[in-house]
Protein chains: 2
Amino acid sequence: MAVKRPTIADVARRAGVSKGSVSYALNGQPGVSEATRRRILAVAAEIGFSRSSAARALSGATANAVGLALCRSARTLGIEPFFMELISGVEAELSARSYALTLQMVTDQDAEIAVHRRWWGERRVDGVLVCDLRADDRRVPVLEELGLPAVVIGGPEGTGTLPNVWSDDAAAVMDTVNYLAALGHRRIARVGGLPDLLHAAVRGTAFTEACRRLDLPAAVTVSSDYTGEEGAQATRRLLSSSARPTAIIYDNDVMAIAGLSVAQEMGLAVPVDLSIVAGDDSPLCRLVHPSLTALGRDTPAYGGQAARQLLAVIGGAAVDAVQAESAQLTLRGSTAPPPRATGTAPS
Amino acid sequence: MAVKRPTIADVARRAGVSKGSVSYALNGQPGVSEATRRRILAVAAEIGFSRSSAARALSGATANAVGLALCRSARTLGIEPFFMELISGVEAELSARSYALTLQMVTDQDAEIAVHRRWWGERRVDGVLVCDLRADDRRVPVLEELGLPAVVIGGPEGTGTLPNVWSDDAAAVMDTVNYLAALGHRRIARVGGLPDLLHAAVRGTAFTEACRRLDLPAAVTVSSDYTGEEGAQATRRLLSSSARPTAIIYDNDVMAIAGLSVAQEMGLAVPVDLSIVAGDDSPLCRLVHPSLTALGRDTPAYGGQAARQLLAVIGGAAVDAVQAESAQLTLRGSTAPPPRATGTAPS
DNA sequence: CTGAAAGCGCTTACAG
DNA sequence: CTGAAAGCGCTTACAG
């Protein structure tokens, strides 16, 4: 038996006040005495009243919703812990402030832009979060033009006038290279992510630069799409080359796990013959044997930070870029000094 | 520079018709000539008009949104491909019909019920999807009472009058046990999920029943919370017991991977000394070495099915339970006949 | 501090 | 087929 939804008029009638007073009481605004406010709130709670989000949105208030469009396939999203952890963090922050999260999957940047335009036209969301920033990202100017509050998760470059939350990926990669070099590795390779993504490019540049500084030869980077398949394929190629690397850095956890399997199939022991570092830490890295040394950070907290910033922008605050903590290297069982036999002899 | 959002009045003015006509044209309803309809749609497209979702919702139409509350921690959600794949499937179906997905994380069933009540009161969603059905699930009577359209992902028992999408978990488990028994395994154990969850209970019962029919001794089930930690712990316990199982069935993929690592740590070769079956298939199962034999199904399609059903309920259709395909066993490298030495001698 | 009223942008009977 | 108008449930100036 469907229940009838109470409206603000029901509350007003039962409390013996006008609808306006109920609204003021609910919004915590002046205009009602403390006693009246209490009575109104009690009545509202008693009859289980919630204000219609549609009516609130229509009368000029906000939609109380934030949008997130994700441009990855179902399979990639499923297997990458990163996004779900990010979403969890975002959502926790939003729901604490009674904001809803509206999620949409898109297939490409054009579709995402269309979604943003539609959300804006429909007034469905008060603002959006932007992931996977690309070089000359076309979403940025559109959001600027629309005036739709937005926060970029990424950067610090390429965000236009939009505020952003970012972490220093370059530093994290350099730390990793330095650590491997300190162990004695000379031939370090990297399996990077989609080269179009700005953060992947930043990491790639940092990797090359770190290797150059340490005077390491042939800092090979192979690009991939973050899937296990491509991670495995890249690993096979690297390990079959004449100057086989003694350490490989992967841009995420899934590829690192795939790389570990490939090494094992090829009869290489990890970490004795090959060291592996996963570029994202997640519980997956502790599941495999040996467990993987990984670059980790608190992804839910990162998402929460972005959500807080977006709510501030929506609230009209002037918001600057926020730098989150950099990823930290957690040492586990997949890294060790290189085998002596395969070390490059000093010339 | 923020752009002004066009309203239906802007379209009406430019097209030289009334607002009512624009509405009819946009809704594909009779009341406008074909020529007028075309002109109106052209104008709407030209000025980038989208109807305000708030205004539509307020004037009696639907919210065009569907809600999903998830009761798992950020970490669990992140590492379990199942939920993100389910969400992807749901979302793909919804966005094809211009419905939004509103997502919220909750900590327990009370919180979830509160969210459902609030969504209903706010008219924020037109219906909800219900996951992780429990015995005597308290969400069911609440949704029935509110009359909020809902579809349960699970069952077939315990769904009350709510329609549901389910797959035959019992059959899948029985298939698995039969397969392992056919390989020659006699001591099969199972690492199950949260015993409160109805589908975990169904699988547990099916497992016990299948073992009984095949006259297998000691069909041990250890319960867990689906995390790698508990999966590893349960595996250690099972493999340390005097009558060590020669095969273990895990209720998801993450625990199976954790179990594989534990076996390797304990010096057991998979599948020579121990066979492993993962109760969920995902790309993770192909990443590890050996790859895992797994019970798989098309999870995005399952979510899509649920979404279609919910949209039908929202549309006022009488909707029955839908049975999705059962999970199918995909044979990979983690299953083989048991070691002969450890087989139970015929008495 | 309180009440009556306009208005947000749609949809939908209701007359023409 | 078309137009004028009421109404959805709120918020918020505006008088009292």
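Lettering of chains follows the sequences in order, A, B, ..., and the numbering in each one begins at 1.
If you find the closest nucleotide of DNA chain D to L58(B) and to Y24(B), the one lying nearer the 5' end belongs to Y24(B). Of the two residues near DNA chain D, G16(B) and F49(A), the one whose nearest nucleotide lies more 5' is G16(B).
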Exercise. Passes side-chain contact (heavy atoms from CB on, under 4.5 Å), L162(B) versus R139(B)? Steps please.
Worked result: CA-CA 11 Å; L162(B) 302 179; R139(B) 296 169 295 179; over 6 Å; no

For this session: Kindly determine whether R138(A) and D110(A) satisfy side-chain contact (heavy atoms from CB on, under 4.5 Å), including the steps that lead there.
Result: CA-CA 9 Å; R138(A) 301 200 320 281; D110(A) 287 327; 2.3 Å; yes

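Residues D132(A) and H199(A) meet the side-chain proximity criterion, which asks for heavy atoms closer than 4.5 Å. T159(B) is not listed as a side-chain neighbour of W166(B), based on a closest heavy-atom distance of 4.5 Å or more. Proximity of K19(A) to T7(A): side-chain heavy atoms (C-beta onward) are nowhere separated by under 4.5 Å.
D137(A) has no carboxylate O lying under 4.0 Å from a charged side-chain N of R134(A), or vice versa, which leaves the two without a salt bridge.
Out of dT2(C), dG9(D), dG3(D), the shortest distance to the side chain of T7(A) is found at dG9(D). Comparing atom distances between the S33(A) side chain and each of dT11(C), dG3(D), dC1(C) picks out dC1(C) as nearest.
For R56(A), no side-chain nitrogen or oxygen approaches OP1 or OP2 of dC10(D) to under 4.0 Å. Taking 4.0 angstrom as the limit, S59(B) places none of its side-chain polar atoms (N or O) nearer than this to OP1 or OP2 of dT12(C).
At whole-Å resolution of the value, CD1 in I40(B) and C1' in dT2(D) are 10 Å apart. The distance between atom CD of E34(B) and atom P of dT2(D), rounded to the nearest whole Å, is 11 Å. Atom P of nucleotide dA4(D) and atom CD1 of I8(B) are separated by 15 Å, given to the nearest angstrom. Rounded to a whole Å, the CZ atom of R51(B) is 17 Å from the C1' atom of dC8(C). Atom pair R124(A):CZ and dC10(C):P shows a separation of 13 Å (rounding to whole Å applied). Protein atom CD of E122(A) is 11 Å distant from nucleotide atom P of dT11(C), rounded to whole Å. For the pair Q29(B) CD and dC10(C) P, the computed distance is 15 Å after rounding to whole Å. Between the NZ atom of K19(B) and the C1' atom of dA6(D) there is a distance of 11 Å, given to the nearest Å.
Cation-pi geometry between R297(A) and Y302(A) is satisfied (NZ or CZ under 6.0 Å from the ring centre, within 45° of the ring normal).
Residue S52(A) is classed as a sugar-phosphate contact, given heavy-atom separations below 4.0 Å to backbone atoms only. Contacts of S23(B) with the nucleic acid, taken as non-hydrogen atoms under 4.0 Å apart, include base atoms. Using a 4.0 Å heavy-atom distance criterion, V22(B) is classed as making no nucleic acid contact.
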For this session: Report the secondary structure of DNA chain C in dot-bracket form, marking unpaired bases with a dot and bases paired to a different strand with |, and treating Watson-Crick or G-U pairs with both distances under 3.5 Å as paired.
Result: |||.||||||||.|||

